[in-house]
Every structure is written in C-alpha cells, then in structure tokens.
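Shown next, in structure tokens, is the structure this report addresses.
Predicted, not measured: the structure shown is a model, and the values here were computed from it. Naming: A, B, ... by sequence-line order, numbering from 1 per chain.
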Protein chains: 4
Amino acid sequence: MSKGEETRQFIIEKAAPIFNVKGIAATSMSDIMEATKLSKGSMYVHFENKEVLACAAVDHNMKVLGDKILMTVGKAKTAKEELFAYIDFFNNPLNPPVIGGCPLLNFGMEADDTNPVVKEKVNGGIRFTQRVLENSINKGIANGEFKPDWNAAEFSTVIFAMLEGGNLISRISGNNDKMKIIVKTLKSIIEENTL
Amino acid sequence: MSKGEETRQFIIEKAAPIFNVKGIAATSMSDIMEATKLSKGSMYVHFENKEVLACAAVDHNMKVLGDKILMTVGKAKTAKEELFAYIDFFNNPLNPPVIGGCPLLNFGMEADDTNPVVKEKVNGGIRFTQRVLENSINKGIANGEFKPDWNAAEFSTVIFAMLEGGNLISRISGNNDKMKIIVKTLKSIIEENTL
Amino acid sequence: MSKGEETRQFIIEKAAPIFNVKGIAATSMSDIMEATKLSKGSMYVHFENKEVLACAAVDHNMKVLGDKILMTVGKAKTAKEELFAYIDFFNNPLNPPVIGGCPLLNFGMEADDTNPVVKEKVNGGIRFTQRVLENSINKGIANGEFKPDWNAAEFSTVIFAMLEGGNLISRISGNNDKMKIIVKTLKSIIEENTL
Amino acid sequence: MSKGEETRQFIIEKAAPIFNVKGIAATSMSDIMEATKLSKGSMYVHFENKEVLACAAVDHNMKVLGDKILMTVGKAKTAKEELFAYIDFFNNPLNPPVIGGCPLLNFGMEADDTNPVVKEKVNGGIRFTQRVLENSINKGIANGEFKPDWNAAEFSTVIFAMLEGGNLISRISGNNDKMKIIVKTLKSIIEENTL
DNA sequence: TATGAATGAGCCTTCATTCAT
DNA sequence: TATGAATGAAGGCTCATTCAT
C-alpha cells in the first residue's frame, strides 16, 4: 500500500465513526481534520470533496458491519445457530457493533430524500444483509434443520426489519428491554420452524 | 389565537416538512424563510433560535402523525380492525402519511447521539404509538376478540418495530414489496391470536 | 434611496476602482471588505456573489466614463470642438479619467475569452462611445462644418481604435509621447475634413 | 538541450496559451499541471514560482508573435508590401496568430497597474513591434518607394495603435467589420505616401 | 409584530508552495 | 530530474443570530 493509499485509509477510518455518529450534514471537514490531526489541504489531496469522503465513510462503516456479521455468523455450526448468532449480534444497540449504531439506519434515514448516491449504497447494504439471512435459512431447509415450506425470503425480511425497528426503540429509549422482546420473538419463530 | 400565535403556527407548518425531509442539521433558517416568505428577523421574533424552531417542527410532525393514527384507528369498529387499520396506515412508506416519512425514524436517527432534547421527544412519540397498539390489543382481549394470553405489550413492540424496519427497507429500495411481506406477516399473527 | 440601496451603491463605488485596477480575477471579496470596512457577510446581503458585484463594478466604471465623456463633449460648441474635446479627454492615460484606466480596455481584455457577460457589457460600452463620435461627425456634416462625404461611421472607429491603442502604449511605456502623436494625427485628420 | 531544459521548454509551450487566454491571475499552477500532465513538484523543479513561470510564458507568447511577424514581413519584397503584410497579419483578431489574442494587449492590460516586471516585458514587445514598422518605412523612404518627408516614427505608432484598438473592438464585438475599416484606412494612408 | 441590514464565525474548497523519497 | 503527499493561508460563500427601525 502506497503512502497515499495508507493516508487515505487512515482518514477513512478516523472519519467513518464521526459520520456515523453525527450524520453527513453535521460533520464538517474540520471535524475530520481534528480527528486525523492532518491539515485541511491534506484531506483534499486524498478526497475530491466532502461528498466523496462521506461516501467512502459510508462504505467503510457498512463494510466493517458486514465483515463482523460474516465473522459472527461464520462461527456458527448449524443454520439455526447462524440465525441466532445474527440476532444476538444486534442484541444490544446501546453498545453497537459499529460506533454510532447501524449505518444502514443512520445513513439510510439521512439520505433517503436527499442523497441518491448514499441511498443506493445503503440499498446494497440492506440487500446484502438480507441475503446472509436468506442463505442461512435455505441452508437449514436443505439440511433438514428447518421446515421445508418456510419462506426464506420473507423471514429474512422479517428478521431484518424487526431488528432495525428494535434498534430505533432501544437507542431512543436508552434501554434494551424492547430489544429483548424482539430477540425473544424472533427466536421463538425460528424454533417454531425448526424440525 | 393572536396574530403572533397565528404566525408562529404558520411558520411551524411550513417548516415541519422541510425538517422532516432534509433533517435538522441540513435545514437552514434561510430554507424556512424561503418557504414562509417571511423575513429573517420574523423567524426570531417567534423562535428564540433554530433549535427551538426545530423542536417545534419535530413536535408538529409527530402530532400530525399521531392525530392521523388516532383518526384512522378511531374509525375501526373492532379491536382487530383497529390493528389492521394501523398496519394499513403505514402500508406505503413511498407515499407516507407525513411528508418526508416517519418522523420518529427520521429525527430519532439524527438525534440519538447528538440531540438529547429531540431524542426525548421522539421517545415520547414511540411510547405513544406503542400505547395505541397496546390499548387495541387489550381492548380485544377484554371483549373476547383476542386470545386472553396474548401479550399486548410485547406484540405492540413487534408491530411497531417491524413497520419501522419495513419503512427503512421500502424507502431505501424505492419499492414496496418488502413492506407487503411485513404487512402480511403481521396480519397473519393477529389472525392467529383472534378467537 | 433605501438604506440597503445606499449601502449597495456605496459598495459599488468602493469596489469599482479596485476591480478596474487589479482586474476581476485578482480582486478578492476581502479586498472589497477592507475598502468598505464592511463585514464579509454584508457584501453578500447586497450581492449574490462576486460575479454579480464584479458586473456592477464594470457597469459603474463604464457609466462614470460615459458620463464624463458626455459632459466633456457637451461643453463644446461646434462639432469640431466636440471631437477635439473627446480626443483631449483621453489625452493622458497616465492620469486617466477613471482610476485604473479605460474600463473598456481593462475588462475587455480580461473578459474576451472567459466571461461572456462582462464581454457583452463592454461591447455595449464600445458601441456607445463610437456612437457619440459618430453623432458629432454627422452633426458637423449636417451643419456644414465638415466635408459632406466624410464617412462618420468609419472615422469614429478610427478615433476610438487609435485612442485605445495609444492608451495601451502610454500606460505600458509610462510616458505620453506616443499619445501626443496620436492626438496630433487625429486632429490633423479632422482638420483635413473641416471646411 | 538537456532533459531538464527540454521539460522546461515543454512546460512553457503548454503554459503560454493558457496564461494568454485566462490571464496570469486566473491561471493556476494546477491548470498548467493538467495541461502538461506533469506533477506539481515538477513545475517547481523548473520554475521557482508561479511568477517566474508566468514571465516565461509572457516571453514565449511575445517571441512566438515576434517571430511570426518577422517571418511574415520577411516574405515581402518591397517596403510597401512589408507594411501591407504586417497589417494583414493582424487582420483577423477572431482567429489570431497567437492563441488568446495579442499578448501585448492581454498582458499589458493585466500588468499595467500591478506587475512591473511583466509590464516592462510588454513594453519591450511594443517597442520591438514599432521598430519593425519603422524600419520598413525608413527602408521605403531610402529606396524611393515612399515620400521622403513621411514620419516613420509617427506612422509606426499610428499603425500599431490602430491595430491594437481594432483588436479590442473585434474580439469584443465578435465580428471583424470594424477591423476591415481599420485595415482599409491604414492601407489608404500608406498609398497616399507611396510615390 | 415585522423587517431586512449587518455581523463574524465557520463552511467547503483551492491556492501556491515545500519536501522527503 | 521527477514525484506526489503535505501544508496552511486564503478563496468565495453560508450560517445562525442581532438589532435599529
């Protein structure tokens, strides 16, 4: 990795959590400057403008999240364990796997009406996540863990939606009680579909 | 209502959708000026500063949403109809009941890490919404529509979370397919608990 | 004149000579700030952006020049005196009637390849100036001062071009010798066409 | 020519038309970088700073112009043909012999009040050009082509000034009509002084 | 109450320039 | 010689806010 590429990566890593916490609009280039201890001009050596940097930060946050999901799910042995691992992974939004909380929710809600580029990135992230779940369910159906008529596409949507909704409630209420209900509910549905 | 109060209300009504669409940080006082055709000074006659106006806009958006929910649910005759009405009310996030989409999601995600005042307002909105659902379920249990052992508190959380999650998916993907799955799933759970 | 209009005019008057001396590109909003002792924000209350202010400054410089020309020419009694007055008016480019020298030359040369709006303004100024000369010649022909077959359109172009060219030489060489030659030449052509 | 000298020359050739078109102030080192496809550092290996590069560009533009003039005039056989060749050379400012138009006019007007170094360079260019004309006239007088009492110094100034003035008019108006008048006028004066 | 002129801090960005490699 | 990363001052401009009228 060249010096330039290294610095670029360094900036992204410092910037990503800031964007995820404050939002794109509320994050200034000066915030990034301060976090990186680099000069203002230096930011523009590596990123054409704030929008490009913000996009890189969005990508980074989603990649970190995606990698952690894959790693977590990857450790599971059975399909059911995979689903449980995924659900437990999002278990505690007050201490989230990515600083600032789920970037899909954060950037999605900021970008939906105003930033088509970021919106499309988030769209990719959502589809990826649901595909992970769908794969686990289909795998469980194929290997006889789950009922064969379980609708993988539909339930992956249900898991994703409920966890994101629970995310919202927990982060806003400042406690995890509702998230526990959601986790319990999802797990019981999974049990119902387990043979 | 005095002239001043009238103007204040007028500003709020013009400002609310702008804040809900663009977010608080990305909305400038000039945006509101333009929308109201009022002078810059006039804004500060009625609102101490941007934060106060933003809070009023958050309140307004949530009140509009709450009123529409109550009106929609109020038209239903049975408890089940109430739940169905609520679900159908959030049926199409691409053409949402409030311009800019669900303010709980929008302001919640912007404020969770940065704005305790707005965060607490959203918290109130979330609790209100879930209480509406809980009331319907409890009413249905009381009048024999629903199974007596149905957990109202838990299922109201499930409905709310799934609809908000579906909201995210639909608005970002730009189509409603996943929302339809969620609606179907929720209604089938309700049917299962209907006597 | 409203307070705002007054300030706007004040800014233009302070800005005009700066733009004419330094050129549009080399003049910064800070330069104007300093000259007016106004705040940076104040400039943008009265002018949308630098381009708009620059255009107003171009207009102002040309208007000042045009008014002085008309006043000077207006004092003359005969057509010949008018032409002589015009020529003498541009007599000394080292101490020009407008600070920074002829704005037609200054802004024309800066704008010709890069700024169509200013270019068109300068075009208007050039046409105006030549029309003044043409009118004087035609008046002299009509009243029998000048030979009837003198081509007014052509000679007004010749006067204008030679004076602008002389302007260039004088300002760059830092002395007026060549301008004197031009003045002498022009006057002798006029004499030749005087009856 | 060493590698270094070669690169230096290459940069000058790419930079010269840019400076002549946009002006010195409005041309950035990045513009030159882009045009040469060289690195930013490379510019500073060959030129101490922007001012030095700009000066080299001014010199280059004037040299190209001067060489073309000499070549054009050199092809003529008689003194009158030389003068005519010179005039025709500047015939069409809309398609000028040097990209961006006459550098004497361009840089002269930008530098007169702000850049003594460039101003002096332009001064040299103006004197050179007039000397070329003066030489032709004197040659014609000496060989009996022109009237012996024709004032070479004065008429060379007249030609130069009128052509530069015509240059301004043509480039700003976007058409050549006025330049034709000037060419016609100059040639008829020459004819009048031809024996 | 309403206006809009005025402010200055702060925004994103570009600039000319330096320097280690 | 050539590179391109790094710098910080300065660029144009927007911001939230104040205040005299």
Taking atom [atom1] as the centre, does [X] end up with more than 12 heavy-atom neighbours from other residues, nucleotides or ligands that are less than 6.0 angstrom away?
X	atom1	value
C/Glu13	CD	yes
A/Glu34	CD	no
D/Glu48	CD	no

When the distance from [atom1] of [X] to [atom2] of [N] is rounded to whole Å, what number comes out?
X	N	atom1	atom2	answer
A/Ile32	E/dT13	CD1	C1'	15 Å
C/Glu34	F/dG11	CD	P	10 Å
D/Glu48	E/dA16	CD	C1'	13 Å
B/Phe10	E/dA2	CZ	P	11 Å
D/Asp31	E/dC15	CG	C1'	11 Å
A/Leu53	E/dC11	CG	P	15 Å
A/Ile11	F/dA5	CD1	P	11 Å
B/Met33	F/dC15	CE	P	11 Å

Do C/Lys119 and C/Asp113 come within less than 4.5 Å of each other through their side chains, counting heavy atoms only?
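No, their side chains stay 4.5 Å or more apart.
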Kindly indicate whether the side chain of B/Ile172, heavy atoms from C-beta on, has any atom under 4.5 Å from the side chain of A/Glu120.
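They are not in side-chain contact.
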What parts of residues 20-29 of chain C reach DNA chain E, counting only heavy atoms under 4.0 Å away?
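Those residues: none at all.
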Could you walk me through whether B/Cys55 and B/Lys121 satisfy the side chain to side chain contact (heavy atoms under 4.5 Å, CB included) test, starting with their C-alpha distance in whole Å, then the side-chain angles of each, then the deciding distance to 0.1 Å, before giving a yes or no?
CA-CA 8 Å; B/Cys55 283; B/Lys121 285 181 184 298; 3.6 Å; yes
All N/O pairs under 3.5 Å across the protein-nucleotides 6-9 of chain F interface:
residue: F/dA6; atom: OP1; partner: A/Lys3; partner atom: NZ; Å: 3.3
residue: F/dA6; atom: OP1; partner: A/Thr7; partner atom: OG1; Å: 3.0
residue: F/dA6; atom: OP2; partner: A/Thr7; partner atom: OG1; Å: 3.4
residue: F/dA6; atom: OP2; partner: A/His46; partner atom: NE2; Å: 2.5
residue: F/dT7; atom: OP2; partner: A/Ser39; partner atom: N; Å: 3.3
residue: F/dT7; atom: OP2; partner: A/Ser39; partner atom: OG; Å: 3.3

Rounded to the nearest 0.5 Å, what separates atom CG in A/Leu38 from atom CE in A/Met43?
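Going from CG on A/Leu38 over to CE on A/Met43, the span is 5.5 Å.
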Pick the nucleotide of DNA chain E nearest each of A/Ser30 and C/Arg8; which residue has the one closer to the 5' end?
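Going by which nucleotide is closer to the 5' end, it is C/Arg8.
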Taking any strand in view, what nucleotide pairs with F/dA9 in a Watson-Crick or G-U wobble way, both distances under 3.5 Å?
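Checking every strand shown, F/dA9 finds its partner in E/dT14, with both distances under 3.5 Å.
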Provide the Watson-Crick or G-U wobble partner of F/dA20, both distances under 3.5 Å; none if there is no partner.
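When the pairing criteria are applied, E/dT3 turns out to be the nucleotide that pairs with F/dA20.
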Answer yes if the side chains of B/Asn115 and B/Glu51 hold a donor-acceptor pair under 3.5 Å, and no otherwise.
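The answer is yes; a qualifying pair exists.
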By nearest heavy atom, map B/Tyr44 and C/Asn49 onto DNA chain F; which one lands nearer the 5' end?
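With B/Tyr44 and C/Asn49 compared, the 5'-side residue is C/Asn49.
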Can a salt bridge be assigned to the pair A/Lys63 and A/Asp59 using a cut-off of 4.0 Å between side-chain N and carboxylate O?
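Salt bridge flag = no for A/Asp59 with A/Lys63.
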